[in-house]
Amino acid sequence: MEPRGLMGGFYRISEWIMRLSVINVLWLICSIPFVFFAWGLLMSTDPTQVYSALIAMAVIAPFTLFPATAAMFAVARKWVMGESDVALFKTFFRGYKENYKQSMLGGIIYTILLTIMIVDFIVYREQLNLLSYIFIAFLVLLVVSLFNFFSMLVHYHMKTFQLLKNAVLITIGKPFRSLSTAIMSGAVMYFSTKFTFLIPFFMGSIIAYLAFWNFHLIYQKLQEQAEKARLAEEEEAEKAAELDREDLLKDDSNSSSK
């Protein structure tokens, strides 16, 4: 029996700490090659080593980081939808296996696009002109659409191209939600740099939870709009059918009078 009152609150908090930390650790373990080169990047001072680490991270990310992130979002989806007591290991590795191919293909495309944006930003950052700010805006937009891609990947059954297209469309079509996702994720990453213990235990899982939570609000709104449109169509169809019945009755009455 779950304790109540103050002890119950501490119990629930400790449960969520455990859930978030377990999934975050699993995410990092399944991304070990990427994490290894990311750590090397942080420790590098020579520009050649920095660029070598970045290239290695770009090559490895679609095959390690992206499938692991998809698995983490699969667990976050369960949490947001009310299944807080879901089996962590089973759900994570099932999400890893089921979404590996699509997350890898999407990861290749996103890695190419992110690489182009980062290179362009590096080239134009010294000038600090309008073009450099445009590249920053596109980079933020791309990252938020990546969160929506993972959310849609674990929530829908779609082809990879449809997932990519819809992730971008939702990001552009819901600018306030996209901005809030970017702000929340940025805040988590900022505090993780200040309190580094958050990185290995909480950073990724908290971002995944917040990103899918925001996406789920968009999804519910779209569902409501679709339901309203369906009801409106049914109402119009009923009105049209009623008019057809009235026309038939008029025709029958005219025929009988003749």
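Heavy atoms only: backbone and side chains are in, while hydrogens, waters and symmetry mates are out. The residues of the chain are indexed from 1 along the displayed sequence.
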If you round to the nearest 0.5 Å, how far is [atom2] of [Y] from [atom1] of [X]?
{"X": "L105", "Y": "K159", "atom1": "CG", "atom2": "NZ", "result": "13.0 Å"}
{"X": "S192", "Y": "I206", "atom1": "OG", "atom2": "CD1", "result": "7.0 Å"}
{"X": "R177", "Y": "L217", "atom1": "CZ", "atom2": "CG", "result": "4.5 Å"}
{"X": "F34", "Y": "T64", "atom1": "CZ", "atom2": "OG1", "result": "7.0 Å"}

Legend entry - Single-linkage hydrophobic cluster, 4.5 Å side-chain cutoff, L42 and M189 together: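 Not linked; separate clusters.
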
Legend entry - Single-linkage hydrophobic cluster F66~I118, side-chain heavy atoms < 4.5 angstrom: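 Same cluster: F66 reaches I118 through Ile, Leu, Val, Met, Phe, Trp or Tyr contacts under 4.5 Å.
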
Do NZ/NE/NH1/NH2 and the carboxylate oxygens of [X] and [Y] come within less than 4.0 Å?
{"X": "E227", "Y": "R230", "value": "yes"}
{"X": "K228", "Y": "E224", "value": "no"}
{"X": "D85", "Y": "K78", "value": "no"}

Inset, instruction - Please name the residue in the list W16, F212, W213 that meets the ring pair (Phe, Tyr, Trp, His ring centres under 6.0 Å) test with W79. - result: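 Exactly one option meets the ring pair (Phe, Tyr, Trp, His ring centres under 6.0 Å) with W79, and it is W16.
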
Inset, instruction - Going by the ring pair (Phe, Tyr, Trp, His ring centres under 6.0 Å) test, name the single residue among Y219, F73, F150 that passes it with H155. - result: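 Checked Y219, F73, F150 against H155; only one passes ring pair (Phe, Tyr, Trp, His ring centres under 6.0 Å): Y219.
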
Inset, instruction - Could you list the residues that satisfy side-chain hydrogen bond (donor to acceptor under 3.5 Å, both in side chains) with T181, not counting sequence neighbours? - result: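 Counting only residues at least two positions away or on another chain, T181 forms a side-chain hydrogen bond (donor to acceptor under 3.5 Å, both in side chains) with N214.
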
Legend entry - Greater than 12 external heavy atoms within 6.0 Å of Y156's OH: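 Counting other residues, nucleotides and ligands, OH of Y156 exceeds 12 neighbours.
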
Legend entry - Donor-acceptor contact present, side-chain S14 to main-chain Y11, <3.5 Å: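 Yes, the answer is positive, given that a donor and an acceptor are paired below the 3.5 Å cut-off.
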
Inset, instruction - Take Y96 and Y100 through the test ring-ring contact (aromatic ring centres under 6.0 Å, His included) and record every step on the way to the result. - result: CA-CA 6 Å; Y96 188 94; Y100 186 89; 5.7 Å; yes

Inset, instruction - Check the angle between the aromatic planes of F93 and F89 and answer parallel, tilted or perpendicular using the 30° and 60° thresholds. - result: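 Answer is parallel, since the angle falls under 30°.
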
Inset, instruction - Kindly state each residue pair satisfying side chain to side chain donor-acceptor pair (under 3.5 Å) with at least one member in residues 27-41, sequence neighbours excluded. - result: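 Every pair satisfying side chain to side chain donor-acceptor pair (under 3.5 Å) with a residue in residues 27-41: W27-T69.
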
Inset, instruction - Can you sort out the partners of F149 under ring-ring contact (aromatic ring centres under 6.0 Å, His included), two or more places apart, ordered by chain and number? - result: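 F149 satisfies ring-ring contact (aromatic ring centres under 6.0 Å, His included) with Y110 only.
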
